[in-house]
J.: 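I have a structure I would like to understand better, so I am pasting it below and will then ask my questions one at a time.
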Amino acid sequence: MMHHLSIQSSQGIKQAQQPQQERNFRPGEVVTGKITKFFPDNKALLQIGAKQVIAELQASLTAGGTYWFEVKEGGERPLLQVLPQAAGKQADAAQLIELAGMKPNKTNTSFVEGLMKQQTIFTMPQLKQALDLLQQKELQPMEVKKEALQLMLQRQLPLTEKVIQAITARQTQDMTASLREFTNTIAVESDKAMPLQQLLGKLAPAGPAVHEQQLVQQIIQEAKTGKQDMYQAIRTSLPAAVPTFADWQGEWLAYDKQLNESKNGPQQLMQESGSLSNRSAGILPFSQALDSFMSEMQHVGKQSLAAQESLKTTLTTVRQLLSMFPDRTLPNEIVSSLRTALEPFQSAPMAQDIFSQLTKGNADNQQLLAKSTELLQLLQVTQTNEQSKDGDFFKNLMQDIFKQTGFTYEHDLNDADATNLPLKGLLLQHAAQGNERAELSSQLLQQITGSQLLQVQDDKQMAYIQLQLPGAPFGFDKDILMEMEGRKETDGQLSSEHCRILFYLHLPFLDDMVVDMYVQKKAVSLHIYTAEGKVEQVMRPLQHKLKAALDTSGYHLSSVKYTVSKNAKEASHFDTNLNAVHAEQKGVDYRI
């Protein structure tokens, strides 16, 4: 005989702190419930997860008993069938595993118990598929597989081996490290490999991304006024036949005229011609020299400000001495100081050249003066460019990295330019051609796919977005992970006035950090979690700048709290299971 429980939707649901959609049961879904109290007329109080409802019984159940139910009919008055269980036994994980046709053990029992604790929705066929994947012998650690499978069930993702590989790659591997490893090992087999190398150079640069638009604007401004500072700084990166300043000036003034006359407007043309938006090398003057110079800037910019200032001070002293006494050898202590100051910058060819000459002891005074001047100019431009970075720069950079990585590759496939593919498209080509280091191509593809699968989860009222971006263009050693949760506007966008955003960062000098930002009616509160207490000393003096920037954007900084925690990610994590129910209903709702 079939045992059923009937549910009828009731009114007056008490809202949770965050808006939640009402619990809609789907046919085939498996839930566990406990009969907590009986009422007259075959009615009982039923507890399903955090939800209490009044049920109309059409089966003989025991008060205090816990049962497994399978949804037979959905709708406003769902019908639940009691799954068979041994007499006198409570519904538990082991019993459900047996119902799925599997043998209970420590691993799969703890996995199902985790699903029950998180109130994860699944059907019996899905549970069997998940248990089959769980027992397959893979390289992934068991706890990672269990977490991945739980995510796949929560997001209703296909329960396949390829999907679990993508999810575990996303959870356990650092894309920034994979990009750098791939960049260092890929072989140049033909010209066809160049687009991949160029894109890898943008996603895994030697240092923080350069604010190219500001750099170009500074060059144009100097061209208009006749100043030669930027020309002198970049001329070492120009081709062998170095153009005169007049030629340089003429090219940039013509480019500026083109910007102003563009039918799309200057800003649009700058975006189209800027490296942050796949610029065409044929539009921007001296584009190769500019790329080379920006690469030098990235090498220099990745060092600490203290190291940069130390090198600037030493170079200034060297230039003064060489200018005043061009025929005298530099004092040994000055040479020693310069070598020490240059050591952190040896990845920059310009600095390496000077360091090498000093080490060999064959530095010519006139040549050393010229190269010291060039390096000093590079440092000054780098610092000016870094200071010009603002909110728009990081927003544009983030959008560009998102597109260049290929997170929307499948969506944009019909409109894709075969000569300008994102990383995912190029990796698919690279793997299909059987090129060297195919395993690294596969690893990166899995990471990108895993990020795509976990990016968005939403319902009618709430949206949850998770982004993982390579950290190298921002000057970070590891990936940037962002989790966003908030109300949805009528157009489907995340509300900018009511949301919560978590930033998981690994900073070069402050190590691991989580920034928990909560926005309520444009009031912003920050909770910063770090493993060490030194972060507060560094960041507290910067709060007034943050407050001023937020005020300019129409927001108000209400509070900043610092917490030292070894498990910052766990301490700050918010529940992303949008199917969890935190309401209590009253009324005759269920048929059993």
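Source: prediction; values computed, not measured.
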J.: Would you name the heavy atoms of Ala206 and Lys302 that are closest together and state the gap between them?
T.: O-CD, 2.9 Å
J.: Determine whether more than 12 heavy atoms belonging to other residues, nucleotides or ligands lie under 6.0 Å from atom CD of Gln366.
T.: no
J.: Compare all side-chain heavy atoms of Asp551 with those of Lys547 and state whether any distance is below 4.5 angstrom.
T.: yes
J.: Just checking, is any N or O donor in the side chain of Gln308 or Gln303 under 3.5 Å from an acceptor N or O on the other one?
T.: no
J.: Do Ile528 and Thr563 touch side chain to side chain, with heavy atoms closer than 4.5 Å?
T.: no
J.: Looking only at atom types and distance, does a side-chain atom of Asp174 sit under 3.5 Å from a main-chain N or O of Asp479, one as donor and one as acceptor?
T.: yes
J.: Over 60° means perpendicular and under 30° means parallel, so classify the ring planes of Phe474 and Phe476, tilted if in between.
T.: parallel
J.: Given side-chain contact (heavy atoms from CB on, under 4.5 Å), test Leu368 with Leu330 step by step and report yes or no.
T.: CA-CA 10 Å; Leu368 184 58; Leu330 284 174; 3.6 Å; yes
J.: Quick check: closest heavy atoms across Phe182 and Ser441, and the distance to 0.1 Å?
T.: CZ-OG, 3.5 Å
J.: Under a plain distance cut-off of 3.5 Å, with no hydrogens placed, do Ser178 and Gln173 share a side-chain donor-acceptor pair?
T.: no
J.: Have Lys312 and Gln380 got a donor and an acceptor in their side chains that come within less than 3.5 Å?
T.: no
J.: Without swapping roles, check the side chain of Gln452 against the backbone of Phe407 for a donor-acceptor pair under 3.5 Å.
T.: yes
J.: Before we go on, tell me: are the rings of Tyr529 and His527 under 6.0 Å apart, centre to centre?
T.: yes
J.: So, Thr449 versus Lys424: side-chain donor-acceptor pair below 3.5 Å or not?
T.: yes
J.: Rounded to the nearest 0.5 Å, what's the gap from CG on Leu179 to CG on Leu423? Could you check?
T.: 6.0 Å
J.: Quick one, Met230 and Val381 - any side-chain contact, counting heavy atoms below 4.5 Å?
T.: yes
J.: Taking side chain as C-beta onward, heavy atoms only, is Leu311 less than 4.5 Å from Leu376?
T.: no
J.: Start with the C-alpha distance between Glu251 and Phe286, add both sets of side-chain angles, then the distance that settles side-chain contact (heavy atoms from CB on, under 4.5 Å), and finish with yes or no.
T.: CA-CA 9 Å; Glu251 289 275 1; Phe286 310 104; 3.6 Å; yes
J.: Verify whether one side chain among Thr244 and Asp247 offers a donor that lies under 3.5 Å from an acceptor in the other.
T.: yes
J.: Does the pair Tyr231 and Leu238 meet the rule for a side-chain contact (heavy atoms from CB on, under 4.5 Å), with working shown?
T.: CA-CA 10 Å; Tyr231 169 71; Leu238 291 168; 4.2 Å; yes
J.: Which pair of heavy atoms, one from Ala472 and one from Pro205, lies closest together, and at what distance?
T.: CB-CD, 3.7 Å
J.: Between Ser558 and Val524, is there a donor-acceptor pair closer than 3.5 Å when you use the side chain of the first and the backbone of the second?
T.: yes
J.: If you round to the nearest 0.5 Å, how far is CG of Leu322 from OG of Ser372?
T.: 6.5 Å
J.: To the nearest 0.5 Å, what is the distance between CG (Leu200) and CD (Gln404)?
T.: 10.5 Å
J.: Does a side-chain heavy-atom distance below 4.5 Å link Leu284 with Tyr255?
T.: yes
J.: Pairing donors with acceptors under 3.5 angstrom, does anything connect the side chains of Gln232 and Gln228?
T.: yes
J.: Rounded to the nearest 0.5 Å, how far does CG of Leu467 lie from CZ of Phe402?
T.: 6.0 Å
J.: Search all heavy atoms of Thr168 against all heavy atoms of Thr172 and return the closest pair with its distance.
T.: O-OG1, 2.6 Å
J.: Got more than 12 heavy atoms from elsewhere within 6.0 Å of NZ, Lys522?
T.: yes
J.: Do His211 and Asn385 have side-chain atoms, one donor and one acceptor, less than 3.5 Å apart?
T.: no
J.: What pair of heavy atoms forms the shortest contact from Ile448 to Gly406, and how long is it?
T.: CG2-O, 4.4 Å
J.: Determine yes or no for a side-chain-to-main-chain donor-acceptor pair under 3.5 angstrom, with Asp353 supplying the side chain and Pro349 the backbone.
T.: no
J.: Would you sort out whether Asp512 and His506 count as a side chain to side chain donor-acceptor pair (under 3.5 Å), showing the intermediate values?
T.: CA-CA 4 Å; Asp512 291 321; His506 181 83; 2.8 Å; yes
J.: Does atom NZ (Lys389) have a neighbourhood of more than 12 heavy atoms from anything else shown, all under 6.0 Å?
T.: yes
J.: Taking all atoms of both residues into account, what is the closest heavy-atom pair of Arg170 and Ser451, and its distance?
T.: CD-OG, 3.2 Å
J.: How many angstroms lie between atom CG of Asp511 and atom NZ of Lys534, to the nearest 0.5 angstrom?
T.: 5.0 Å
J.: Gln249 and Glu222: side-chain donor and acceptor closer than 3.5 Å?
T.: no
J.: Are Asp256 and Lys224 ion-paired here, with the side-chain N under 4.0 Å from a carboxylate O?
T.: yes
J.: Report yes if the side chains of Thr405 and Met175 come closer than 4.5 Å at any heavy-atom pair, otherwise no.
T.: yes
J.: Is Leu378 close to Leu375 at the side-chain level, that is, under 4.5 Å between some pair of heavy atoms?
T.: yes
J.: Do the side chain of Ser295 and the main chain of Asp291 share a donor and acceptor less than 3.5 angstrom apart?
T.: no
J.: Check step by step if side chain to side chain donor-acceptor pair (under 3.5 Å) holds for Glu374 and Thr236.
T.: CA-CA 8 Å; Glu374 292 166 0; Thr236 55; 4.7 Å; no
J.: Taking the side chain from Ser323 and the backbone from Arg319, do they hold a donor-acceptor pair closer than 3.5 Å?
T.: yes
J.: Should the heavy atoms of other residues, nucleotides or ligands under 6.0 Å from CG of Asp364 be counted, would the total exceed 12?
T.: yes
J.: So do Tyr504 and Met482 actually touch side chain to side chain, heavy atoms under 4.5 Å?
T.: no
J.: Donor-acceptor check, side chain of Ser337 to backbone of Glu333, threshold 3.5 angstrom: yes or no?
T.: yes
J.: Output, in order, the C-alpha distance, side-chain angles, deciding distance and verdict of side-chain contact (heavy atoms from CB on, under 4.5 Å) for Ile234 and Leu290.
T.: CA-CA 7 Å; Ile234 299 175; Leu290 209 59; 4.0 Å; yes
J.: Kindly say whether Glu497 contributes a backbone atom to a donor-acceptor pair with the side chain of Ser495 at under 3.5 angstrom?
T.: yes
J.: Evaluate Gln466 against Glu483 for side chain to side chain donor-acceptor pair (under 3.5 Å), listing each step before the verdict.
T.: CA-CA 4 Å; Gln466 191 178 84; Glu483 296 180 357; 3.3 Å; yes
J.: To the nearest 0.5 Å, what is the distance between CG (Leu305) and OG (Ser310)?
T.: 11.0 Å
